[in-house]
Amino acid sequence: MSETIAKAYEPARVETKWYRWWKEKGYFQADADSEKPHYSIVLPPPNVTGKLHLGHALNITLQDILIRWKRMNGFDVLWLPGTDHAGIATQNVVERQLAEQGKRRVDLGREKFEKIVWEWKDTAEKNILDQARRLGCSWDWSRKRFTLDEGLARAVREVFVRLHRDGLIYQGEYLVNWCPRCATAISDLEVEYAPREGQLWHIRYPIQGQEDSVVVATTRPETMLGDTAVAVHPEDERYTSLQGRSVLLPLMDRVIPVITDTFVEREFGTGVVKVTPGHDPNDFEAGKRHGLLLLKVIGEDGKMTEAAGAYAGMDRFEARKKVVADLQEQGLLIEIEDHSYNIGLCQRCETVVEPLVSKQWFVKVKPLAEAAIQAVEEQQTVFVPENYQRVYFEWMRNIHDWCISRQLWWGHRIPAWYCDDCGEVTVEQVEPSTCSHCQGASLKQDPDVLDTWFSSALWPFSTMGWPDQTKDLEVYYPTQTLVTGFDIIFFWVARMMMMGLRFMKAVPFSTVHINGLIRDEHGKKMSKSRGNVIDPLQIMDEFGTDALRFTLAVLAVPGTDVPFSISRMTGYRAFCNKIWNAVRFLLLNLGDEKVVSEQEMDQLRRQDQLDLGERWILSRLQTVVAETNENLERFRFHEASNGLYHFFWHEVCDWFIELAKIGFAGQDSEKGRKTGRFAAYILENCLRLLHPFIPFITEELWQELPHSGDSLMVAPFPVARQEWIDRAAEKEMEGLQELVTAIRTARSENNIDPRKKIPLQLLCKQEYRLFLQSQLPFIKSLAQLEEVEFVSQLETEGLRVQGVSRMADFVLVLDQVIDIAADRERLSRQIGRSTVKLQQLQKKLQDPDFLKKAPQRVVVAARQRHQEAVEQLKKLQVKLDGLSQP
RNA sequence: GGGCGGUUAGCUCAGCUGGCAGAGCGCCUCCCUUACAAGGAGGAAGUCACAGGUUCAAGUCCUGUACCGCCCACCA
């Protein structure tokens, strides 16, 4: 065992081993029948579009920390994993691959294409699951789901049918966002806006029956081919004479009416706007209000339709050029003005989106949203950080109907069938044999599929067996926590809220924790084009999974983006190595001894058998345990991990283990054994605390320690014991640390070899004399001293370096010449610092308001610090004077 | 046009309920001391963006300004 443990931590050697073992042991699996309290999280299912990126690694790590922490805290936990078919995204990925082979989806046909996508899904999913394994995530693999699983498909159909029955799903011809490249309708959310430098074309429309004309301004001249009116504001006095008249639409020679409507902004352009109900959302609404003719001049393929007359068949952007040129030729183009505006792009392929009229399925979301708003108002679900709640409300309150049909092949088929005889639609869970309207037997299923987010919206309950009343649903729904990114609050979180409330009559999760976006170390977004993308697998290979996880946890400050940095991670890899070596050192000294048990520790404490360092670290441990639990409770992963980092390295390793070395090195073997067993207790508790963050290394080391229990991952998480907090020990330890540090500083600044043992004279306050005498071995060891002499006056003659601390002053006795000037400089600098501090404190203590109004403890603390500062300054001054007069 | 973040060490960022300005990396000096050179000891480095206000006390709370970033929104 201990002799064979490697000198440096080698992550690759241990990671796969433990993961497999945990899984085999069944530790990942939830038990709905358990008597324990339950805790559940559903994984935001990654898209089967490719590999996991660092954002997934962050998201998964945070969830695993919560899950492991809760499991160790005695909960029966369910972390339900799965993947998302990601309709349009995945279809695009596969189409792009086919394109590389010169193939097209339409040539293959639907069936063959779907088969290829399924094959792609299998490999992508396998990659994703492998990566997740590497990350150490404690998923319940037995409950893994895919959004196209038969069970989930059943849930999708059930929801569709019920919403349709309740009048919340309808079919209709409306203006939708259309992506000509993907050849499908997309929802408002799937349109992304990008700024563009474009032009504003001013076009003259002759007024019918008059010599005069009006000028309209447009950013999209090609749409004029579909104009069916021009509009002015009813109160715009410039155009009152125009009201009730008509204009002649150039190029098309169509007479169209002038309408008045308040949607016209008088200040914009000329105040006259062309109205194209077929290709602009505003105009569509205006068209409905005024009963205007609706012309579709741009088709689903992005080409001009027959309705565009001479322009039919042209690409929409070609048509734009031609229209402009023709207008120019006819002298109807008055002005071309530079104009910057936002253009709508398809989220998935960045093609310019075309608003056009099309027959689609919609969800009437207002009634669903009302419930979802109320639930958050009532705090049934809370957001962390809470400001995201506002984002949620803002969107929910202004929600528009949701276009859910997609003209794709990859996804849930819409459960609607059209009758060849009467043309009516029948909506059913399973394929009906006859039309529900005319009993006709010739039915064709709607070729469209559902928006991928439709099935995602059901994820928290469809994965647990709904619509059946399963035990899982009873026990694990609602889930406790959802961890996800802010970028899908609307797409996903909002819709899960709506669907969960509608069909489960309860919110899907009580807390939504929003994690930040991963950026590079300069705060830039990671993107392929920037070339700053970091692959988590490569990172795990090079630094180990634990280092990656810990880095992500430390950087995960709620509400902010995460600037991922390799240099930062190097530091946390070193931390893992530090842990490794600390435990390794312990093992070298522990022999066959057992770890001190809780009861035994309580006894040791009561019987006063612990030395100062032990009382101190045990006390500190209680505080750190309490803080870690509290920070995790509040999703403050960065505070929790950072706190453990500091505690382990700078308290446990720097001081406690250094102190323990004395016990190990001593002649007293009984004492050595006790020291080892106690140290084992402290380190074992550290491993427990660290396990949720860095599961592999902690399990590996835990297994080396002699104790009962199978696995760290199911060992209890530490609980703070208030009665073990020992303020006196902490205070004494602080004094000791200060003295040791002062000696080290004096040595270092006088260039004394760190290894060289030198004699020291100590002049201490009477009250600390006994204490310091009892701690002599520690002081000697920590400060590399030879003999320590307690004196009533310090010798300052000869080869001496002086120093001060709260408990005692000292001189280092040297046998070689030191740099007096450097010593003087050091003292002066210290005096400078102390003076500033003293002045600040003096000012504060002289302020009657401070004395009167500040809490007593603050005043007392200030007095004490003042007292110390006065003494220190006096002593420093005396020493400096001594140096000045040789 | 609304809304939300940010501005703290050379870099990237912590700093929760106001009470002694922190971390990692980088930099300087010394040390391969039998856990760890992925290490140890020490050091330098800050007008906490700016201007007001509240308070005994402000990096922290309030108001405003500037700059940066993000989200939402139908100005053709």
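In what follows, chains are A, B, ... by sequence order, proteins preceding strands, each numbered from 1.
The same atom, C1', is picked in B:rC4 and in B:rA9; the two are 28 Å apart, to the nearest Å. Atom name P, nucleotides B:rC16 and B:rU54: the rounded distance is 24 Å, in whole Å. A distance of about 14 Å separates the C1' atoms of B:rA45 and B:rC25, rounded to the whole Å. Nucleotides B:rC75 and B:rG15 place their P atoms 36 Å apart, quoted to the nearest Å. B:rA38 and B:rC32 have their C1' atoms separated by 14 Å, with the value rounded to a whole Å. Taking atom P on both nucleotides, B:rA35 is separated from B:rG18 by 46 Å, rounded to a whole Å. Comparing the same atom, P, in B:rG59 and in B:rC20 gives a spacing of 11 Å after rounding to whole Å. For the P atom pair drawn from B:rG5 and B:rG10, the interatomic distance equals 28 Å after rounding to whole Å.
Here A:Phe778 pairs with nothing under the ring pair (Phe, Tyr, Trp, His ring centres under 6.0 Å) rule; sequence neighbours left out. For A:Asn387, the side-chain contact (heavy atoms from CB on, under 4.5 Å) test picks out A:Pro385, with sequence neighbours left out. In terms of the side-chain contact (heavy atoms from CB on, under 4.5 Å) criterion, residue partners of A:Gln867 (sequence neighbours excluded) are, by chain and number, A:Glu871. Residues satisfying the ring pair (Phe, Tyr, Trp, His ring centres under 6.0 Å) criterion with A:Phe585, sequence neighbours excluded, are A:Phe664. Under the side-chain contact (heavy atoms from CB on, under 4.5 Å) criterion, A:Asp188 pairs with A:Asn177, A:His400, sequence neighbours left out. Looking at residues two or more places apart in sequence or on another chain, you find a side-chain contact (heavy atoms from CB on, under 4.5 Å) between A:Ser781 and A:Ile662.
Between A:Phe637 and A:His513, the distance separating the two ring centers is shorter than 6.0 angstrom. The aromatic ring centres of A:Tyr572 and A:Tyr645 sit less than 6.0 Å apart.
The stretch residues 540-551 of chain A participates, sequence neighbours left out, in these salt bridge (Lys or Arg N to Asp or Glu O under 4.0 Å) pairs: A:Asp64-A:Arg549, A:Arg134-A:Asp541. Within the structure, salt bridge (Lys or Arg N to Asp or Glu O under 4.0 Å) pairs that include any residue of residues 268-290 of chain A comprise A:Asp227-A:Lys274, A:Asp261-A:Arg289 (at least two apart or interchain).
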(request) Could you encode protein contacts along nucleotides 29-38 of chain B as a string, one character per nucleotide from 5' to 3', using B for base contact, S for sugar-phosphate-only contact and - for no contact, with a heavy-atom cut-off of under 4.0 Å? (result) SSSSB-BB-B
(message) Within the 4.0 Å limit for protein heavy atoms, which parts of nucleotides 67-76 of chain B are touched? Write it as a string from 5' to 3', B for base, S for sugar-phosphate only, - for none.
(response) -----SBBBB
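Residue A:Arg865 is classed as a base contact, given a heavy-atom separation below 4.0 Å to a base. Using a 4.0 Å heavy-atom distance criterion, A:Phe575 is classed as making no nucleic acid contact. If you check every strand for non-hydrogen atoms under 4.0 Å, A:Thr741 touches sugar and phosphate atoms only.
The CG-P distance, from A:Asn750 to B:rG43, rounds to 13 Å in whole Å. At whole-Å resolution of the value, CZ in A:Phe637 and C1' in B:rA23 are 20 Å apart. Remark: C1' of B:rG5 and OH of A:Tyr388 are 8 Å apart, rounded to the nearest angstrom. Across the protein-nucleic acid pair, A:Glu651 atom CD and B:rG22 atom P stand 15 Å apart, rounded to whole Å. Atom-to-atom, CD of A:Gln864 to P of B:rG19 comes out at 19 Å; the value is rounded to the nearest Å. As rounded to whole Å, 12 Å separates atom C1' of B:rG15 from atom CG of A:Asn631. We find that CG of A:Asp487 is positioned 18 Å from P of B:rG5, with the value rounded to whole Å. Rounded to whole Å, atom P of B:rA14 lies 11 Å from atom CG of A:Asn642.
Along RNA chain B, the nucleotide nearest A:Arg636 and the nucleotide nearest A:His650 are compared for position; the residue whose nucleotide lies closer to the 5' end is A:Arg636.
Between A:Phe648 and A:Phe575, the two ring planes are perpendicular [angle over 60°; tilted spans 30° to 60°].
In the region residues 847-854 of chain A, proximity to RNA chain B at under 4.0 angstrom, judged on heavy atoms, holds for A:Asp847, A:Asp849, A:Phe850, A:Lys853, A:Ala854.
Between B:rU12 and A:Arg568, no contact under 4.0 Å exists linking OP1 or OP2 to a side-chain N or O.
Secondary structure note: stems in RNA chain B built from 3 or more consecutive Watson-Crick or G-U wobble pairs under 3.5 Å occupy B:1-7 with B:66-72, B:10-13 with B:22-25, B:27-31 with B:39-43, B:49-53 with B:61-65.
No option in A:Arg806, A:Arg744, A:Lys731 other than A:Arg806 meets the salt bridge (charged side-chain N to carboxylate O under 4.0 Å, His left out) test with A:Glu738.
A:Arg320 has a carboxylate O that lies under 4.0 Å from a charged side-chain N of A:Glu222, or vice versa, which qualifies the two as a salt bridge.
For A:Glu386, the CD atom sits in a loose shell: 12 or fewer heavy atoms of surrounding residues, nucleotides or ligands are nearer than 6.0 Å. The local environment of NZ in A:Lys837 is sparse, with at most 12 non-hydrogen atoms from other residues, nucleotides or ligands closer than 6.0 Å.
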